[in-house]
Structure formats: structure tokens, C-alpha cells
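Since the structure is predicted, the reported quantities are computational estimates derived from the model, not experimental observations.
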Amino acid sequence: MIVEQRTYVLHTGARLNEYLEAYESIGLPAQKPILGGFLGYFVTEFGRQNELNHFWAYEDLEDRRTRRAELAKSDQWQECLAIIRPMIMTMENRIMYPTSFSPIRTLPVAITDPHTAFSRNQEPGHDQ
């Protein structure tokens, strides 16, 4: 399994809420069924402003390549890109491989370690 981290920094004049609204309503619904493996989308509070990070899991680089090529054919994804691309100043991608002790190592993600962020609130004695 691999995890792709995609980091975007928006132009200073870009409105983060407009970006997120377009992505949530148009882009993400186009991506999820094609890419699968959605792990999360995050914005920064401290550090570099106007930064967005999203994470996607794939079986391997060929799985990623095939899925990204399919996504590029999606009219709905192209519609989203027309809205969000002008807002993006920089883009950076990283491909990461999990360590042997990472709680996320395979797809589908199945977390059994009770001492992770994924299962912390499920421990006995914690309020649900």
C-alpha cells in the first residue's frame, strides 16, 4: 500500500471557503468512486496559511496511475478543476510507504490497535 499526500497552497486572494465548497460538492463526489482510498482532507491553522493537505491510499503506483487516468476522463472532475485550479498557487505530491509498525499498512484499512487515533475512543472506560 502507498499513501499519497497532496499539498496545495492557495493564492492570498483566493477564498478558502469557496474552494472547499466547490471541492466538497463537485470534486470529492467525482473522486471518491474512482480513486477510492480517501483518508482525509485537512486545512492549516498554524504555519503556512491557505494550505490544504489531502491523503489518498492506493494498492501501489500502478493502481494510482490507473485511477488518476480514469479520474482525468470525468466531466464532473474537469468541472471542479475549472473552479479550483485558478485558486491554487502551488501543488506538491508525496508518495509515502507505511512502516512495519504503522497502524495503516493495507487496504482496506482495518485498525485493531486500541492505542491509535482510529480506535482511541473505543477503549473500555472512554465515553462514546
Please round to the nearest 0.5 Å and tell me the distance separating atom CD1 of I26 and atom CD1 of I83.
3.5 Å
Sort and list the pairs that fulfil side-chain hydrogen bond (donor to acceptor under 3.5 Å, both in side chains) and have at least one residue in residues 69-84, not counting sequence neighbours.
none
Where do A30 and I34 come nearest, in terms of heavy atoms and distance?
O-CD1, 3.6 Å
Test of understanding: with salt bridge (Lys or Arg N to Asp or Glu O under 4.0 Å), list the residues that count as partners of R48, not counting sequence neighbours.
E51
Under 3.5 Å donor-acceptor, S102 side chain and R105 backbone
no
Taking only residues two or more places apart in sequence or in another chain, which ones pass ring-ring contact (aromatic ring centres under 6.0 Å, His included) with Y41?
Y23, H54
Where do N53 and Q5 land on the side-chain hydrogen bond (donor to acceptor under 3.5 Å, both in side chains) test, with the steps shown first?
CA-CA 7 Å; N53 285 276; Q5 175 184 2; 2.9 Å; yes
May I have all residue pairs that pass salt bridge (Lys or Arg N to Asp or Glu O under 4.0 Å) and include part of residues 24-47, sequence neighbours excluded?
none
Of the non-hydrogen atoms in V43 and L52, which two are nearest, and what is the gap between them?
CG1-CD2, 3.5 Å
Sequence neighbours excluded, which residues qualify as salt bridge (Lys or Arg N to Asp or Glu O under 4.0 Å) partners of E4?
R6, R64
Exam field: side chain R85 to backbone A82, donor-acceptor pair closer than 3.5 Å
no
Nearest-0.5 Å distance, CH2 of residue W56 to CG of residue L35:
5.0 Å
Hey, what do you get for CG (L61) to CD1 (I2), rounding to the nearest 0.5 Å?
4.5 Å
Give the cluster check for M96 versus Y8: same hydrophobic cluster or not, with ILVMFWY residues linked at side-chain heavy-atom distances below 4.5 Å.
no
Under the rule for salt bridge (Lys or Arg N to Asp or Glu O under 4.0 Å), what residues qualify as partners of R94, not counting sequence neighbours?
E92
Over all heavy atoms of both residues, which pair between D63 and E59 is shortest? Give the atoms and the distance, please.
OD2-N, 2.9 Å
